[in-house]
Amino acid sequence: MSSIGKITGTVCRLTHNDGIKRLSLFKKETHLLTHLDWRWDEYGYNDETDQIIFSAELSEPYEIAYDTVSNELHLPYIVTHGEYSIATEAHRVYRWNGKYFVDKGVAPLFDLHSDDFHIIIDIQANGNYRYRCWNKGRKIDDKPDLQIENGIRKCWDQDGEVFDYNAFCENFQAKPAGKIYLFYNQGFRYEYHMGDIQGKVVNKLCIYNPQNNLIYEQSYD
């Protein structure tokens, strides 16, 4: 009989003489936060009490999941923003090897394949979005043919109107219908759209030239 420690990442197991033995779930000591904040704005501060808040409730978009097929535990990826720890939409993956969970790193937000390119969009340790692209025939271990950092995220509502993501969540108190991840490089704009508009699924990459003309579009299943 055992139970998973929600905070410390340990298992408490009854021994043959009814004692309790603590076993580590992680090879390296890991702090598992049970209360996390998904918003960047004013995180960790209470205006009324003038006190720092060290935790906030874990929001719905950032789920904790265990895959029984791959034996992988997915936890919200935590980054440092100033003095605070922020839960991002990315996940850090730990794989159970029979004794403990082994850190397999941070999973990409999106891993996009087409006949022309292999594109990975992920979150860096500083919380910034990153876009990496390999041309057809290149391997992921190769240096990317294009890498753009400091991407931003926007969203759209049910009618397709685009908003700043945090402003939308703050003003509308609802889930956006879709998200746009934007990256700028030498006047070109790279946009990945994911969500739905009036019931129609949207999952595509768009590239615009400096004249704001659409020069490439790729839809994904």
Side-chain angles (χ1 to χ4, degrees), residues 36-41 43 56-70 72-79 86-93 106-124 127-134 136 140 146-185 188-209 211-221:
L36 304 169
D37 190 0
W38 64 281
R39 290 184 51 201
W40 291 84
D41 296 343
Y43 172 78
E57 290 297 328
L58 180 66
S59 66
E60 186 177 350
Y62 305 102
E63 300 164 343
I64 295 175
Y66 183 75
D67 189 328
T68 57
V69 176
S70 63
E72 290 180 342
L73 176 66
H74 295 248
L75 300 177
Y77 177 43
I78 310 299
V79 300
I86 306 294
T88 70
E89 60 191 299
H91 286 85
R92 195 171 197 100
V93 179
V106 180
L109 284 176
F110 308 104
D111 194 341
L112 309 172
H113 294 263
S114 71
D115 294 335
D116 303 307
F117 307 111
H118 179 193
I119 296 167
I120 289 180
I121 298 175
D122 58 10
I123 294 180
Q124 302 176 88
N128 291 334
Y129 293 99
R130 178 175 61 176
Y131 175 105
R132 289 179 292 166
C133 176
W134 293 263
K136 182 180 180 180
I140 193 173
L146 176 64
Q147 179 167 314
I148 310 173
E149 301 183 2
N150 299 325
I152 62 175
R153 176 182 59 172
K154 293 192 175 184
C155 67
W156 70 77
D157 62 13
Q158 294 292 339
D159 298 321
E161 186 174 355
V162 177
F163 297 86
D164 174 79
Y165 188 87
N166 284 343
F168 177 89
C169 295
E170 181 174 326
N171 296 327
F172 293 88
Q173 299 294 317
K175 280 186 178 181
K179 303 174 185 177
I180 306 175
Y181 297 82
L182 295 97
F183 302 86
Y184 296 88
N185 181 59
F188 288 82
R189 186 173 80 255
Y190 302 76
E191 299 183 358
Y192 177 59
H193 300 237
M194 186 195 68
D196 67 82
I197 298 177
Q198 297 180 348
K200 182 180 180 181
V201 175
V202 178
N203 187 4
K204 65 181 180 179
L205 174 74
C206 298
I207 302 176
Y208 296 84
N209 64 14
Q211 291 73 43
N212 202 34
N213 297 318
L214 178 64
I215 60 174
Y216 180 86
E217 182 174 344
Q218 173 67 52
S219 296
Y220 300 92
D221 295 331

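We're numbering straight along the sequence, starting at 1.
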Quiz item: Sequence neighbours excluded, which residues qualify as ring-ring contact (aromatic ring centres under 6.0 Å, His included) partners of His74?
Solution: none
Quiz prompt | Set of side-chain contact (heavy atoms from CB on, under 4.5 Å) partners for Asp159, sequence neighbours left out | solution = Asp157, Gln198
Quiz item: His193: what forms a side-chain hydrogen bond (donor to acceptor under 3.5 Å, both in side chains) with it, not counting sequence neighbours?
Solution: Glu191
Quiz prompt | Separation between CG of Leu112 and NZ of Lys204, rounded to the nearest 0.5 Å | solution = 14.0 Å
Quiz item: Of the non-hydrogen atoms in Asp122 and Pro108, which two are nearest, and what is the gap between them?
Solution: CB-CA, 4.1 Å
Quiz item: Does any non-hydrogen side-chain atom of Leu73 lie less than 4.5 Å from one of Arg92?
Solution: no
Quiz prompt | Residues that Tyr131 engages under ring-ring contact (aromatic ring centres under 6.0 Å, His included), provided they are two or more places apart | solution = Phe183, Tyr190
Quiz item: Who are the side-chain hydrogen bond (donor to acceptor under 3.5 Å, both in side chains) partners of Ser70, not counting sequence neighbours?
Solution: Asp67, Glu72
Exercise. Would you please name every residue forming a side-chain contact (heavy atoms from CB on, under 4.5 Å) with Gln124, sequence neighbours left out?
Key: Asn126, Asn128, Arg130, Glu149
Quiz item: Looking only at heavy atoms, which two atoms of Ala90 and Ala107 are closest? And how far apart?
Solution: CB-O, 4.4 Å
Self-check item: Results of side-chain contact (heavy atoms from CB on, under 4.5 Å) for Val162 - residues two or more places apart only
Solution: Lys154, Trp156, Ile180
Quiz item: Roughly how far, to the nearest 0.5 Å, is the CG atom of Asn185 from the CG atom of Leu146?
Solution: 5.5 Å
Table please: side-chain donor-acceptor pairs of residues 213-221 below 3.5 Å, with sequence neighbours left out.
{"from": "Tyr216", "atom 1": "OH", "to": "Asp116", "atom 2": "OD2", "distance (Å)": "3.2"}

Practice problem: Go through Tyr77 and His91 one step at a time and tell me if the side chain to side chain contact (heavy atoms under 4.5 Å, CB included) criterion holds. | Solution: CA-CA 5 Å; Tyr77 177 43; His91 286 85; 5.8 Å; no
Practice problem: In sequence, state the C-alpha distance, the side-chain angles, and the governing distance for Ile120 and Trp134, and then conclude on side chain to side chain contact (heavy atoms under 4.5 Å, CB included). | Solution: CA-CA 9 Å; Ile120 289 180; Trp134 293 263; 4.0 Å; yes
Self-check item: Contacts of Tyr66 that satisfy side-chain hydrogen bond (donor to acceptor under 3.5 Å, both in side chains) - sequence neighbours left out
Solution: Asn71
Exercise. Check side-chain hydrogen bond (donor to acceptor under 3.5 Å, both in side chains) between Asn203 and all other residues, then give those that pass, not counting sequence neighbours.
Key: Tyr192
Quiz item: Looking only at heavy atoms, which two atoms of Asn212 and Tyr208 are closest? And how far apart?
Solution: O-CD2, 3.7 Å
Quiz item: When you look at Ile123 and Leu109, which way does the side chain to side chain contact (heavy atoms under 4.5 Å, CB included) test go after all the steps?
Solution: CA-CA 7 Å; Ile123 294 180; Leu109 284 176; 3.6 Å; yes
Exercise. Report the residues that fulfil ring-ring contact (aromatic ring centres under 6.0 Å, His included) with Tyr129, sequence neighbours left out, ordered by chain and then residue number.
Key: Tyr181
Exercise. With the side chain counted from C-beta on, respond yes when Thr88 and Val106 share a heavy-atom pair under 4.5 Å apart, and no when they do not.
Key: no
Practice problem: Any chance you could measure His113, atom NE2, to Ile119, atom CD1, to the nearest 0.5 Å? | Solution: 10.0 Å
